[in-house]
Amino acid sequence: MSSTTLPIARTVRGAVSGLRSLRSLHSLWQRWFLWVILAVLVVALLATVVWLAGRHEVEQVQTALDRDTADAVSDLRSGLQRNAQSLRASQAGGLDREHWPMEATALLREHREWLRLEWRDPALRTLAAVDTPYRRRVFEDAGRGPDQPDVSLACAAARKAGAPAYSSSHYVPFVPSGGLEVMELCLPVEGGGFLVATYSLRDTLIELVAPTLTRGQEVAFTEVDGTRLVAVGASRRVGTRVFTAQQLVDLPGTALMLRVDGWRAAPDLFPNLLTGLVTAISIALVSVLVLLARDTRRRLRAEHDLADALAFRKAMEDSVITGLRARDLQGRITYVNPAFCEMVGFSAEELMDHVGDVPYWPTELAQEYRQRQAHRMAGGVPPREGFESIFMHKDGRRFPVLIFEAPLINAQGAQTGWMSAFIDLSEQRRIEELSRASQERLQASARLATVGEMASLLSHELTQPLAAIASYASGSLNLLRNAGSSTGDHGEVAMAVRRIAEQADRAGQVIRSVHDFVRRRERMREAVAPQALLDAVLPLVRLQARKLGVRVDVHVEERLPRALCDRTLVEQVLLNLARNAMQAMDLPDLSDRVLQLRVVRARAVGESGAVSGKADVRRWIEFSVADRGGGISEEVAARLFTPFFTTRPDGMGLGLSLCRTVVEQHGGALAYEPSRPRGTIFRFTLPAA
Ligand code: ADP
């Protein structure tokens, strides 16, 4: 990767991972968002319920207070009415100055709310007056005359209506300090005049309003505009809430307001059982919510751990080279790992849900496999050590596999199918094959060594008899020459003896050459004339050529440079090639059997195959061995130089590979091509000295 693409790739990778983390953040937020909404809703609901409960209670209290106030007003009204009636009753038998004060005193004793009773004439002048015995005297007689506006107004109204009437309230100050709020009642008397009763508003409240009301509340009279006149009852305690109810007390001649202020001692937020219950339920609900949130968090963590474990398992399954396959009890493939897919060349989608014949069963073996599968499905137990089988790759190639099968047990302990592991044995087989081949090669080498030793021994043992034959032959020739006759039978005998001597000499050469070849002299390069190399192998070549009826044709270019080589090895190469060529011509239908051995200067650098690519300044000598045999077929050509490859029953298959090694060790090259009209030409090059 170039220096500019690297940062880009890094940026892209960073962006991708950023996106991924953003997405996970988003889903996390979404999950928490729901929780937050739920929590907010629950809290809102609870707050509303608590508020509603509180309000309900307030309303109830208010209603009760209103009711109490209405009751109090009606009590008050009937009380006042009763008072007016008892006042009227006091003058039933007519009034007389003598008895009235006594009656008035008796009335005042009964009615504490009255301060004073007066009997007035029609002009409102006071005829008689009695003050309440419960207080010190409130009024000066002088202050109470016909010009009293409150009394005159009330009496005017009473006269007009012929019924009792009330004055509006007014304040009567006391001499040193303080005072009283009072209200007058004027009652017309039969035969003219009036009875005037003065009410103390404060005592009216105490006497005429039910004491239960004044115990816990403050009860007051106010003007219609709200001005407070008098109040009785408990004063407000700290930390309480005030409830107010007021109602008009409509009296003939005047109107007053009765105002009741109540308060609740309990705190406002949890005023009673209902609210308490709702609150308790709310707390329980919130606790459940918290527990639920905690549970969700734990669940999330477990989910996370599970995802990690799954990813780990997946990574493990993907990385193993053992093929894995799961089948259910019906034989349907439910899982394959990547190694298995790669082994058989089919994708997971192509294999999944396959029932019956699967595509990787070789067609010729499908029947057998079907039986095996039926046996397995019927509950047959596979061998623990596994079994071998042949599978077919998608491209049709068959390959051996080792299969281990085990029942697939689920979390409840029930068998749900079969799990199989596959090991591809191709590579193992190849290695076994290789080791077998090398074993064979070793044995062959050992055999070769033995043959070499025997040949060496044989050549040594044959040297003596051959030398003896040669000396006997020359002795015999000398005897014949001394006998002096060179004609007739003697002449022919001499000729035969000479031939014997020649052949014995050739046999000696062959044996020496074999001896040298087998002894494998120390590898050393020397400058050797090409002709000398040929001469060394020709006796052996000719020996075999004669046996096979082959004509040997030798051509050596003139004034060739000498070759720089290991003599023995090159001789061996020549010998091998010549022998192969002659054996190729050992066919029954061949009449034209010619072995051509040629040595020339290499035509051009590169063409001989000596050097490829760059120019070479060295000079090269090319040796060629041509035959007119059957040629080399394509199958043979593919493995020609493979050690131990041979088509001959008695062949070793080492010759050509050895030759190529030797030639390449010298820096040259060994190649072959078809010859015309038929046969093959093997060429090799050696560097010139
Ligand atoms: P060997 O001679 O022991 O069989 P080689 O390595 O010399 O081993 O030869 C390997 C094979 O190459 C021979 O078995 C033969 O089939 C083939 N071969 C070699 N030379 C020739 C040739 N000149 N013409 C045809 N086939 C040849």
Side-chain angles (χ1 to χ4, degrees), residues 437-452 454-455 513-514 517-518 520 533-534 537-538 540-555 568-599 608-609 622-666 668-685:
S438 79
Q439 195 66 33
E440 269 179 14
R441 228 173 5 241
L442 261 176
Q443 284 172 1
S445 306
R447 269 204 308 276
L448 254 187
T450 319
V451 169
M454 276 166 62
S513 141
V514 168
F517 171 64
V518 169
R520 276 198 166 225
L533 288 169
L534 283 182
V537 295
L538 271 174
L540 277 169
V541 171
R542 288 220 162 90
L543 198 67
Q544 197 176 6
R546 186 163 304 156
K547 216 167 82 189
L548 296 172
V550 174
R551 181 159 59 84
V552 181
D553 183 1
V554 181
H555 170 77
T568 321
L569 292 180
V570 173
E571 282 168 13
Q572 197 182 335
V573 170
L574 275 171
L575 202 64
N576 250 314
L577 292 178
R579 198 188 290 141
N580 277 352
M582 285 187 288
Q583 280 166 346
M585 288 187 286
D586 189 13
L587 299 171
D589 54 339
L590 271 184
S591 51
D592 181 18
R593 302 177 181 188
V594 181
L595 171 68
Q596 272 190 323
L597 298 173
R598 291 165 63 87
V599 188
S608 64
E622 183 187 274
F623 293 75
S624 64
V625 181
D627 64 69
R628 294 186 187 172
I632 294 175
S633 68
E634 256 181 52
E635 304 91 76
V636 173
R639 305 179 56 200
L640 197 63
F641 292 102
T642 317
F644 294 97
F645 169 73
T646 177
T647 57
R648 281 189 283 275
D650 57 338
M652 291 283 291
L654 279 172
L656 281 180
S657 78
L658 224 69
C659 290
R660 190 163 69 170
T661 315
V662 169
V663 171
E664 282 173 2
Q665 267 175 4
H666 284 81
L670 174 66
Y672 67 95
E673 62 195 70
S675 169
R676 284 182 214 292
R678 57 165 194 275
T680 319
I681 305 180
F682 276 87
R683 299 176 199 280
F684 69 91
T685 48

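Counting from 1, the numbers follow the sequence of the chain as shown. Whatever order the structure lists them in is the order used to number ligands and atoms, beginning at 1.
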Q: Could you tell me if any non-hydrogen atom of F682 lies under 4.0 Å from any atom of ligand 1?
A: yes

Q | Option whose closest heavy atom lies nearest to atom 16 (O) of ligand 1, chosen from T647, L656, T642, T646 | A | T647

Q. Does the T685 side chain pair with the main chain of A669, one donor and one acceptor, at a distance under 3.5 Å?
A. yes

Q. So which protein heavy atom does atom 11 (C) of ligand 1 come closest to, and at what separation?
A. F645 O, 4.0 Å

(Q) For a quick test of reading the model, state the closest non-hydrogen atom pair linking D586 to R593 and the distance between them. (A) OD1-NH1, 4.3 Å

Q: Locate the shortest heavy-atom distance separating V550 from M585; write the atom from each residue and the value.
A: CG1-CE, 3.8 Å

**Q.** Those atoms of ligand 1 less than 4.0 Å from some heavy atom in G631
**A.** 25 (C)

Q. Looking only at protein heavy atoms, which one is nearest to atom 2 (O) of ligand 1, and how far off is it?
A. R648 NH2, 2.4 Å

Q: Kindly give the heavy-atom pair with the smallest separation between R628 and V594, and that separation in Å.
A: NH1-CG2, 3.8 Å

Q.
Using a 3.5 Å cut-off on N or O atoms only, is G653 in polar contact with ligand 1?
A. yes

Q: Show which atoms of ligand 1 fall inside a sub-4.0 Å distance from at least one heavy-atom site of L640.
A: 12 (O), 17 (C)

Q: Establish, yes or no, whether the cationic atom of R660 lies under 6.0 Å from the six-membered ring centre of F641 and within 45° of the ring axis.
A: yes

Q: Would you tell me which option among N576, N580, L595, I632 has the nearest heavy-atom contact to atom 7 (O) of ligand 1?
A: N580

Q.
Give the atom numbers and elements of ligand 1 that come within less than 4.0 Å of a heavy atom of A584.
A. 22 (C), 24 (N), 25 (C)

Q: Identify the two heavy atoms, one from L587 and one from G630, that lie closest to each other, and give their separation to 0.1 Å.
A: CD1-N, 4.0 Å

Q) What closest approach, in Å, do L595 and A578 show between heavy atoms, and which atom pair accounts for it? A) CD2-CB, 4.1 Å

Q: Ignoring hydrogens, just give me the one of D650, L577, D627 whose non-hydrogen atom is nearest atom 23 (N) of ligand 1.
A: D627

Q | Mutual orientation of the aromatic rings belonging to F623 and F684 [parallel < 30°, tilted 30-60°, perpendicular > 60°] | A | parallel

Q. Going by the order shown, which atoms of ligand 1 are within less than 4.0 Å of some heavy atom of G651?
A. 3 (O)

